[in-house]
Amino acid sequence: MTRDRDSSGVKTALATAALMLAGALPAFADAPVPNKGDTSWMLISSALVLLMTVPGLALFYGGLVRSKNMLSILMQVFYTVCIVSVIWVLYGYSITFTEGTSFNSIIGGFTNTFLKAVKVDSTVGTFSNGVVIPEYAYVAFQMTFAAITPALIVGAFAERIKFSALALFIPLWVTFVYFPIAHMVWYWAGPDAITDAAKAVTAAGTDAAKVAVAQAALDVVNANAGMVFKWGAIDFAGGTVVHINAGIAGLIGAMMIGKRVGFGKESMAPHSLTMTMIGASLLWVGWFGFNAGSALEANGVAALAMVNTFVATAAAALAWMIAENVEKGRPSLLGMVSGAVAGLVAVTPAAGYAGPAGSIVLGLMAGFVCFSFCSTVKNKFGYDDALDVFGVHCVGGILGAIMTGVLVNPKFGGQGIFNYETGKVDDFEMMKQVIIQCKAVGMTLLWSGLGSIILYKLVDILIGLRSTVDEEREGLDITDHGERAYNY
Amino acid sequence: MTRDRDSSGVKTALATAALMLAGALPAFADAPVPNKGDTSWMLISSALVLLMTVPGLALFYGGLVRSKNMLSILMQVFYTVCIVSVIWVLYGYSITFTEGTSFNSIIGGFTNTFLKAVKVDSTVGTFSNGVVIPEYAYVAFQMTFAAITPALIVGAFAERIKFSALALFIPLWVTFVYFPIAHMVWYWAGPDAITDAAKAVTAAGTDAAKVAVAQAALDVVNANAGMVFKWGAIDFAGGTVVHINAGIAGLIGAMMIGKRVGFGKESMAPHSLTMTMIGASLLWVGWFGFNAGSALEANGVAALAMVNTFVATAAAALAWMIAENVEKGRPSLLGMVSGAVAGLVAVTPAAGYAGPAGSIVLGLMAGFVCFSFCSTVKNKFGYDDALDVFGVHCVGGILGAIMTGVLVNPKFGGQGIFNYETGKVDDFEMMKQVIIQCKAVGMTLLWSGLGSIILYKLVDILIGLRSTVDEEREGLDITDHGERAYNY
Amino acid sequence: MTRDRDSSGVKTALATAALMLAGALPAFADAPVPNKGDTSWMLISSALVLLMTVPGLALFYGGLVRSKNMLSILMQVFYTVCIVSVIWVLYGYSITFTEGTSFNSIIGGFTNTFLKAVKVDSTVGTFSNGVVIPEYAYVAFQMTFAAITPALIVGAFAERIKFSALALFIPLWVTFVYFPIAHMVWYWAGPDAITDAAKAVTAAGTDAAKVAVAQAALDVVNANAGMVFKWGAIDFAGGTVVHINAGIAGLIGAMMIGKRVGFGKESMAPHSLTMTMIGASLLWVGWFGFNAGSALEANGVAALAMVNTFVATAAAALAWMIAENVEKGRPSLLGMVSGAVAGLVAVTPAAGYAGPAGSIVLGLMAGFVCFSFCSTVKNKFGYDDALDVFGVHCVGGILGAIMTGVLVNPKFGGQGIFNYETGKVDDFEMMKQVIIQCKAVGMTLLWSGLGSIILYKLVDILIGLRSTVDEEREGLDITDHGERAYNY
Amino acid sequence: MKLVTAIIKPFKLEEVRQALTDLGFQGMTVSEVKGYGRQKGHTEIYRGAEYAVNFLPKVKIEVAVQTTDVTRAVEAIVTAAKTGQIGDGKIFVTAIEHTVRIRTGETDDTAL
Amino acid sequence: MKLVTAIIKPFKLEEVRQALTDLGFQGMTVSEVKGYGRQKGHTEIYRGAEYAVNFLPKVKIEVAVQTTDVTRAVEAIVTAAKTGQIGDGKIFVTAIEHTVRIRTGETDDTAL
Amino acid sequence: MKLVTAIIKPFKLEEVRQALTDLGFQGMTVSEVKGYGRQKGHTEIYRGAEYAVNFLPKVKIEVAVQTTDVTRAVEAIVTAAKTGQIGDGKIFVTAIEHTVRIRTGETDDTAL
Ligand SMILES: Nc1ncnc2c1ncn2[C@@H]1O[C@H](COP(=O)(O)OP(=O)(O)O)[C@@H](O)[C@H]1O
Ligand SMILES: Nc1ncnc2c1ncn2[C@@H]1O[C@H](COP(=O)(O)OP(=O)(O)O)[C@@H](O)[C@H]1O
Ligand SMILES: Nc1ncnc2c1ncn2[C@@H]1O[C@H](COP(=O)(O)OP(=O)(O)O)[C@@H](O)[C@H]1O
């Protein structure tokens, strides 16, 4: 057992001191060691994201379907978490967060399959120079993101997809859609590599040859990143990677699989808004791990992300409530919690960049926009996105991703964008950033949209996407799983 | 992005070492930096308090009402969290935890509205000299307290208040009752200000003039605190601020709004004790954040508060169970979990002050006292405090607040009261402390009682507090929110 | 209040620096102080284990019984947590984790009853030299283990035991079965005692007399441990102590109390698989505290344990799902979550020892083995272990305990076994370790099996174990507790 | 023997039960039903989706009585169940040809 | 007056209600029931335990109509409820001797 | 045709179903009801509040049979449902005037 590996080999107080300094500011030493406060925060953040997914998301969705399909939803979400986390260890982490070969802008490499290169004392950098966390903690944290994203999709075609079809679709989708997008948006060489290379450029002084070499090296470091990252798009916790990505895939699924039998004619009232409320609450609680955990450290930025995640959500819930009250005459619980989720989605890309007041504005916008979309726009188109995956996650995600480019603006109380080469926050050009954000949104819609179309089609050809009418009438719980949710 | 702000500007190993020392014992340096272990703990504690509220408290209450009012309870709690957290950012944090002007003993000032003075590297002191946490973490943590307190009230007048009335009452109450009381009990200049000023007095030596100046400065520091704090009342995590405060406001609401239609004649059996049990359990789990988080550090006191919160709760649950078994012949689950909540309430002010054995005694007392109150005393008075907000939170809170003055006694295994001027634990005068505690209780009952009467009356005049008889018969879910909780 | 005790008494920067070094590597100083990151992690881990138990385990079990017995299950689990945590403070912690007298190999002593020797600045060692955590944090963490273990048992004889019988059985069982086994497996002198004593042997150099004395001292330190620990058995988070222990006690209870009325004839379909799914999910989330918290530090090992706990669970869920699909034609949600729990159980002893790939293999095995057991083997024997406590916890626990001896093997990506005398990982002899693991399993089965038989018999004689047939027909909720779970 | 079946408002159940017990009727069977008559339902909206809820929750009570008791039973129910507003419900009287008490095997009037 | 009782598939309820409303029938009582006829149940397995579920969820509708309306009502129900597959259900017609509208005290045909 | 309606203890349902099936009766409708007869309810206390629960859970089964089969059906039910303790339940037999099988449109005896 190597539990004390991080202290073994250190033999004197001096060496220790050196190591500790290294731990705090590793730019001055070879091997930064993780701060246990950060590690603690990353571990609990991972647990929180699992809580968001099971039972959180599963209940949020499950409460909204008819009781005859309750287990099918729970099962689809639970299955998604299981299959994706196994795949993550097998090759997902590797192709997402390992340097790839020629297509490194789009997808990583296979050198870390089975996590073979990860040890208990492996570390990865955070967003601060010289700060690292145990790599296993990073593996766990990112695993939960990979797991929840495809799980979000299942709400769109709830109550009608065959379980076997879903069981095939999820691993395909996560492999060909999620991993590439996560790589494109989040993969980079890390702060120390850039800062060190930038320092070498400075150190090269006026010797043009040396500068050229150093600059080339810096360019290589900068080039070792995902395409969208290189554009300069910012996405704190996954507005594009998670929400837009899942939202568009959901919409396409809803359309390709078709409407539920009886849609628009029979009552499909939620079977338990109590469960939906529990789910929404757990989403909120767990989302702190998701957003504030994305700081990768237990620091002021994480705390800011938490405050933002709190108030954007609250503001969006209130906005939806008010809109509903004005338009329908009565504010509903379902409206309020839908607003909360819309706020959570919208603040996701902005969580560590915006200020609290900006987040309240963002939340209000998210509440109104998603409300209008779900209660009016959607009905005009007539597709059956059963649980509003598109209207909440994609629409809210797009709003958030674009507004992040606005709210990060220090003028609006945002944090600005830190430049690891210069070691300070860049002057902020808002229009430029907004355009970059739009490009990132477009790229995600395109990749996920096209990829999803192909994969649904493939699954449809191989085993068929949809249950029979009789099965749907009877309910997927009995027909797909041979059980009933309730026997009171 | 300024994520590495806490390391930027540090340019040499020596400077770093200095900074680190500062981080550990900032009395020796200008700018203490947060320990990431503390930050991690405060972040997760905030998440835990949200978990207590939604879904915890909402389910605990919701399970106890009839199913036709389930959503109304869930909505009231969820709404309360949302509106209060937005207000908290707008002006609540400012008027609670910022130095005020002439009325600083009662309420703070407006200099920090919109959190405009808070930055990612802002910090606030804890209870240890030289230990700080990120201010955003403190904002988030205290925000959850402001959110749960008014949410506790709604249980008292459950199943009959109009949602629109509640929607107006909550922001009023939190503004005119909660913020002042929180300020009076918890606002102070912090440990370092006092210790530094006290040191200056000592340093002044024998030079009477200098001493006088230094002493005057110390007096100013000491005077910069809320009224109840200055009395010397201790309240670790909110026995007065949260529980007595909400409990008395609940009682008054229950009486002013009147009894439910059919009260005492029709069966109003809880619609789902399963939900109540889930809620009680989440209250327990989340209360660790509430109580142990109130240490503001991840240290031995936090761990002690956790042990106390564990065993006082357990003891109170057992006490209620035994009492019920003796008196009614059968121990009920509802009794047991009610006892647990009573124990949680009672240990709240004592959590970091009492010892574990003392906490067991306190828990047993809380179980017996609250049981007697809810099952006997209350019935004699005949008011309809639907979910026993008064009998559990106010009665348990009063017991806890007063007993804290006893159990903090080092003779009974308590921690004593630390004196930041002398740098050590004071000699303990029990009677004196108990009297101070009683004064704090009285003050809270008075302020909250009178304030609540005025605010209910105001809301009643403006929009009316109560639903019509027909609406109440039909259930608030349909009439106020247009939904039903269950469609099995 | 002594909240700053860990800094008081330190008067100069130099002393501070020394103390800090001590904090990081206390082998060089007298009094290691806890790292707040570790403390934070241990506190939250304790909260997570409570979450596993209430509401987690209670719901997992509760959902599986008929609705007329829902509250009885919830009550039994809640009661167990309460009574055990009070006992833990009274004498449980003392007899488990304090050095005993003559029978120290089997049970500890009474010197720490009422936690009288524990103070806010008391610390206990972890598994790393010189790393400590606040003793109260350790008390809280281990308390949650003592509480959940007997709670696991109640599933075996669900729906028929008298509550009064259970109320007596639990304190007896925890005292005579759990505490001794926990002591035997987990009690030891700690890393520093061994390392220091071993260093003294080395330091003794070639002076035979000195060496003999030092060696004798080392022997004393090594002898100061529980019997099973001394055998060299490894159990990271409680495969033997928790799962095998509870599993066999459950089986015996199920057999001694007898089958439920109507067993095999009437439908006893789960009344709410939704609740079971929530419970299983919370078990998973909380189990991160259980397993990763068992590292006692927020380090790479904890992160590894988290990854393992994630993927073993996922793999086992998939394995059960596949097996069920093959054998029954339809994968059920209940099957999937049962598999998840089986995986959690199996990975418990291995969590910090195995590698992620090994954990996936272990999970797959657990899923298949427990599935076969619960769906085939069990039916052959015909006993009524209502909620498969034996089939999941004992069978999964045995598999995990034995496989830990295999997967710890560095050749299979395991961590090996650290030798505190030599300061490095031992060469690994797999067969030897597997045999030791089998001995530990056997010892647990024997002690818990025999102990449980005696205690059930005793309770049966004193007050009778079983409800009457009429009570059972009516349901224990009404007959034992006078309530009904649902009034929709 | 006759079976008196009444569909009433749920919150009136307790009063009706009391009224019947006071008159000495010793048995009753109750079921939860939904229905509409003059009183119609309402609309519920869940996010964008509107559903007409045409049925309102009611309670159906069935009391088997001796033929001579029918009028008393009906009157007691009407008195107890009436609020004077639509949705108060209906009573139907049908004939029972034969009754058996399972426990004793008694039949007809003695079985009531 | 007659009571038309139909046991139908749950998802057909809305269509049946519509059909009856269209014909001017102004009241109906619905209950959730379980049953079997030609159509049998299925087996459910919960871990190792197998349970035969012999009853399928159905909806029972009761409509009190004037004697002259029976045929129309029955036909409307048959038309609306039919899928042509087993499990479509049954209709039973029984006699009502007496009807009371609780709110007004009206009786018999005027009470329908 | 007759409708045999029995109100029995819930846990006896399976035995009754089996008994009827064994006699060749091919259909049945079941609903969950609450009721009281000689057997009364109990009191529940939730914190300070006491509520009398006057109704006990029962199961109501309805079997439509040919007139000649009534006695066999009733006897089978009595035998299967009896425990000898109060609360065993009641059986009521009423007349069915007309029966329709929805799927086929068959009527009366052929529709059973
Ligand atoms: N014709 C009918 N057939 C069956 N049930 C009826 C009929 N009319 C009314 N009901 C039942 O009686 C309940 C109360 O009806 P209500 O609206 O009070 O009728 P009205 O006021 O027209 O007499 C309805 O919800 C329904 O369950
Ligand atoms: N003889 C009967 N007595 C009472 N109810 C019956 C009878 N036969 C059928 N039912 C009810 O009608 C429902 C539909 O029956 P179904 O299977 O369609 O019958 P079939 O096709 O034999 O006419 C059953 O679920 C049951 O509730
Ligand atoms: N007169 C009645 N009218 C309607 N239902 C009745 C009547 N008497 C009994 N029942 C029903 O039968 C069930 C069983 O009654 P039970 O207590 O066994 O009656 P008894 O023993 O008096 O025959 C009751 O719960 C109730 O549902």
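All heavy atoms count here, side chains included; hydrogens, waters and symmetry mates do not. Every chain is numbered from 1 and lettered A, B, ... according to where its sequence line falls, protein lines coming before strand lines.
Heavy atoms closer than 4.5 Å to chain D are found nowhere in E:Glu106, neither backbone nor side chain.
In terms of heavy-atom pairs under 4.5 angstrom with chain D, the leader among E:Leu112, E:Leu3, E:Ile61, E:Thr107 is E:Leu112. Counting heavy-atom pairs under 4.5 Å between each of E:Thr21, E:Ile96, E:Val30 and chain D puts E:Val30 at the top.
Residues from residues 85-94 of chain D that place a non-hydrogen atom less than 4.5 Å from a non-hydrogen atom of chain E comprise D:Gln85, D:Ile86, D:Asp88, D:Gly89, D:Lys90, D:Ile91, D:Phe92, D:Val93, D:Thr94, given in numerical order. Within residues 48-55 of chain D, the residues that have a heavy atom under 4.5 Å from a heavy atom of chain E are D:Asn54, D:Phe55, listed by number. Contact residues of residues 70-82 of chain D toward chain E are D:Val74, D:Val78, D:Ala81, D:Lys82 (heavy-atom distance under 4.5 Å).
Judged as a side chain to side chain contact (heavy atoms under 4.5 Å, CB included), and not counting sequence neighbours, the contacts of E:Lys58 are E:Ile7, E:Lys9, E:Val33, E:Gln39, E:Leu56.
Proximity of D:Tyr36 to E:Arg17: side-chain heavy atoms (C-beta onward) are separated by under 4.5 Å at one or more points.
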Item to complete: Go through E:Glu32 and D:Lys34 one step at a time and tell me if the side-chain contact (heavy atoms from CB on, under 4.5 Å) criterion holds.
Response: CA-CA 9 Å; E:Glu32 284 170 21; D:Lys34 296 177 295 183; 4.2 Å; yes
Discussion item. side-chain contact (heavy atoms from CB on, under 4.5 Å) for E:His98 and D:Lys2? Distances and angles first, verdict last.
Written reply: CA-CA 10 Å; E:His98 192 56; D:Lys2 303 288 169 187; over 6 Å; no
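In this structure, the separation between CZ on D:Arg38 and CZ on E:Arg103 is 6.5 Å, given to the nearest 0.5 Å.
Within 6.0 Å of atom CD in E:Glu14, more than 12 heavy atoms from other residues, nucleotides or ligands are found, so the atom counts as buried in its surroundings.
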